[in-house]
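First comes the structure, then the notes that go with it.
Just so we're on the same page: letters track the sequence lines, and every chain starts at 1.
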Amino acid sequence: MNKKVRVRFAPSPTGGLHIGGMRTVLFNYLFAKHNNGYFILRIEDTDQNRFVPGAEEYIFECLKWCGLEPDESVMHGGEYAPYRQSERKEMYKQYAEQLIKDGKAYYAFDTPQELEEKRKTILNFQYNHASRNEMKNSLTMSDDETKKLLEENVAHVIRIKMPYDETVSFTDMIRGEVHFNTSQSDDKVLLKADGMPTYHLAVVVDDYLMKITHAFRGEEWLPSSPVHILLWQYLFGLENMPHWAHLPLILKPDGKGKLSKRDGDRLGFPVFAMNWTDPKTGELMHGFRERGFLPEAFINFLALLGWNDGTEQEIFSLDELIEKFSIERVHKAGAKFDYEKAKWFNHEWIKRLPVTSFQLQVKQLLQNAGVEINDDEKLKTVIQLIKDRCVLLTDFIQQSSFFFQSPKEIDINAIKPKWNEHKKQFFVELIRTYQLATTWQHEALENSFKEIAAASQIKPGDVLLPLRIMLVGGKFGPHVFNIAEVLGKEETINHIKRTLQLLQ
RNA sequence: GGCCGGUUCGUCUAUCGGCUAGGACAUCUCCCUUUCACGGAGGAAAGACGGGUUCGAUUCCCGUACCGGCUACCA
């Protein structure tokens with residue numbers, strides 16, 4: 001029983017990866033690494049109508065950004081290749097035919113149009129134990145008839161023959177014992193007319209061939225699990241079946257239902273890991289990365305959405321998550337996604353991560369915003385100074401631009417109403433003093449500021465805000481004298497002079 | 001409709017029968033701060049409902065209600 005743990009994440013490349021999918025990746029990854037096992041990424045591209053160019057590359061980039069690299073995949077290789085189901089097409093057929101031989105499946109020749117007709121005329125029509133005797137399939141036709149149609153290459157599918165009134169049970173690692181009556185499920189298509197397997201056949205065959213030991217997927221798969229269990233029983237034996245765990249869904253923050261791609265735009269937060277542009281519609285879906293999230297924070301809040309380690313700890317690094325994760329502690333109930341809490345995680349990570357770990361991203365952000373950075377040491381000092389007040393990486397733009405270029409706009413109206421000659425004289429005196437300064441360091445700057453204020457009988461508070469506006473352009477930023485220190489003597493004095501002129 | 005799953009503060013959650021029901025986000029008050037944050041102190045805020053079982057149920061069982069998922073030659 002010392003089988004190496006092998007788990008897989010099996011997305012279909014039909015679009016961007018949203019947080020539900022990313023959390024499934026995360027839980028797979030954490031479980032694999034916690035157990036010293038392997039994490040496999042398999043591309044489930046069995047629906048050729050839904051193929052979206054670029055989606056596959058996008059998936060890999062998301063995983064890379066989060067640091068959740070697969071051990072085996074289309075990109076990483078591995079001994080169970082190919083890892084793309086479209087390239088495994090021929091493998092599935094033999095298993096479908098095996099099932100027919102064993103009487104567990106049958107050929108069905110009903111056309112999509114005929115089925116559609118049925119569904120239109122009969123409410124809740126199901127292709128199942130009750131109706132299959134009236135349909136066009138190898139169960140209702142003679143062997144010769146079937147053989148003839150097959151030889152004539154008449155379009156057909158292979159369907160599983162669900163047993164009548166039997167109970168299928170299995171133990172879900174999260175939910176415990178689950179039971180289903182086989183009559184409830186319809187006769188699912190296993191092999192489509194184009195020769196491609198459906199999900200149902202493909203998962204079972206590939207999980208077997210790839211020696212998957214634990215299969216995690218979203219709760220929406222629970223109702224079709226009896227089909228998969230049966231397939232395991234018929235094809236490979238229940239004793240070889242992976243342990244299942246159906247993960248709770250991530251729900252919309254407002255109202256009802258599982259979180260969908262559209263909810264982001266509607267509610268003003270990202271639902272994708274990274275920006276995703278639909279190649280057909282050209283529509284852009286926003287991602288957490290571009291919104292200014294750190295991968296550490298992204299992973300952290302994803303992990304806590306439905307899982308906790310039983311203590312009150314909330315901030316976990318990837319390594320800690322790997323160490324502490326257990327699938328049994330995953331919740332049964334779905335969780336509403338809370339963007340405010342997600343931002344809090346990001347803030348926490350910005351505060352505790354060393355500046356160097358995200359300095360490059362901030363630099364890029366600033367440069368994209370048109371702020372030229374040519375002094376990395378200064379940037380480091382600035383980030384250190386302002387990181388406590390930045391929730392998202394993008395907040396660094398507003399909070400730090402003025403350190404590198406003169407503010408484009410000075411909120412002069414915040415000074416004007418209370419401006420007078422007396423205050424002006426104060427600043428003239430301040431300039432004179434600062435010009436004579438031999439050292440340039442915030443305590444000294446603050447001291448002389450206060451001394452001048454006292455000498456000119458002015459309350460420091462009355463001139464502190466004007467000074468701030470002069471240096472940063474608005475009512476924000478860290479302590480004024482810290483700013484002045486970083487800005488340097490020349491810049492600080494220039495800023496004061498310039499604003500004094502504006503106030504004339 | 002049928003089947004399956006779920007149900008603790010507004011939100012994420014702790015509790016493996018003893019609860020004055022704990023924490024976090026958000027919110028409110030105060031302190032710190034002559035900007036905004038950070039930080040600190042405190043407040044308000046929950047066991048869907050009804051039956052059992054038990055000395056004792058948030059915890060176990062049953063029913064009801066509500067929420068969600070599935071019900072395609074999509075995954």
Side-chain angles (χ1 to χ4, degrees), chain A residues 10-14 21 44-47 49-50 85 108 110-112 115-116 119 123-128 155-159 172 174-175 178-181 183-186 188-200 202-203 217-226 246 248-249 251-258 301 304-315 329 331-345 347-348 351 386-391 395 398-399 411 414 459-465 467-469 472 474-480 483:
Chain A
S12 56
T14 53
E44 309 226 331
D45 56 347
T46 53
D47 187 353
N49 301 318
R50 296 212 304 162
Q85 290 184 328
D110 321 85
T111 66
L115 292 172
E116 205 180 311
R119 291 194 182 97
L123 193 64
N124 297 327
F125 172 79
Q126 290 247 350
Y127 205 124
N128 62 11
H156 63 277
V157 300
I158 294 178
R159 287 180 182 270
D172 186 282
I174 295 171
R175 279 150 226 284
V178 194
H179 310 275
F180 293 89
N181 187 298
S183 307
Q184 281 307 136
S185 177
D186 58 344
K188 294 278 179 224
V189 169
L190 265 18
L191 206 70
K192 303 188 252 189
D194 64 1
M196 277 288 196
T198 57
Y199 172 83
H200 307 294
V203 246
R217 62 192 356 176
E219 194 189 337
E220 69 267 29
W221 289 108
L222 204 47
S224 54
S225 58
H246 289 88
L249 266 16
L251 278 9
K252 297 176 198 288
D254 64 334
K256 309 126 187 281
K258 61 175 172 177
F301 83 70
L304 272 282
L305 214 50
W307 174 86
N308 69 83
D309 76 336
T311 71
E312 276 165 9
Q313 184 177 350
E314 292 200 274
I315 302 296
R329 282 203 65 89
H331 265 259
K332 293 184 175 87
K336 283 185 185 164
F337 173 66
D338 181 0
Y339 186 53
E340 290 306 317
K341 185 94 186 216
K343 284 197 291 192
W344 175 78
F345 276 107
H347 195 11
E348 289 302 308
K351 281 189 287 182
I386 63 173
K387 62 190 254 191
D388 281 4
R389 60 198 75 216
C390 294
V391 174
D395 292 339
Q398 198 227 20
Q399 291 289 338
D411 186 5
K459 277 190 281 181
D462 290 344
V463 275
L464 207 57
L465 185 69
L467 179 59
R468 167 178 299 282
I469 307 261
V472 318
K475 288 190 256 185
F476 58 90
H479 290 289
V480 190
I483 298 171

Letter per nucleotide, 5' to 3', of nucleotides 5-15 of chain B [B base touched, S only sugar-phosphate touched, - untouched; heavy atoms, 4.0 Å]: SSS---SSSSS

Nucleotide-resolved protein contact map, nucleotides 29-37 of chain B, B/S/- at heavy-atom distance under 4.0 Å: ----SBBBB

Mind checking side chain to side chain donor-acceptor pair (under 3.5 Å) for [X] and listing every partner two or more places apart, or none if nothing turns up?
| X | value |
| --- | --- |
| A:Lys475 | none |
| A:Asp110 | A:Tyr127 |
| A:Asp388 | none |

Heteroatom pairs (N/O) under 3.5 angstrom, protein to nucleotides 46-49 of chain B:
none

Only counting residues at least two apart or in another chain, list the ones meeting ring-ring contact (aromatic ring centres under 6.0 Å, His included) with [X].
| X | value |
| --- | --- |
| A:Trp221 | A:Tyr199 |
| A:His347 | none |
| A:Phe345 | none |

N/O contacts under 3.5 Å, protein versus nucleotides 39-44 of chain B?
unit_1	atom_1	unit_2	atom_2	d
B:rG39	OP1	A:Lys351	NZ	3.0

Sugar-phosphate, base or nothing in reach of A:Asp45, heavy atoms under 4.0 Å: nothing

Residue list, side chain to side chain contact (heavy atoms under 4.5 Å, CB included) with A:Gln398, at least two apart or on another chain: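 A:Gln398 satisfies side chain to side chain contact (heavy atoms under 4.5 Å, CB included) with A:Phe476 only.
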
Partners meeting side chain to side chain contact (heavy atoms under 4.5 Å, CB included) with A:Asp309 (sequence neighbours left out): A:Trp307, A:Thr311, A:Gln313, A:Phe316, A:Lys324

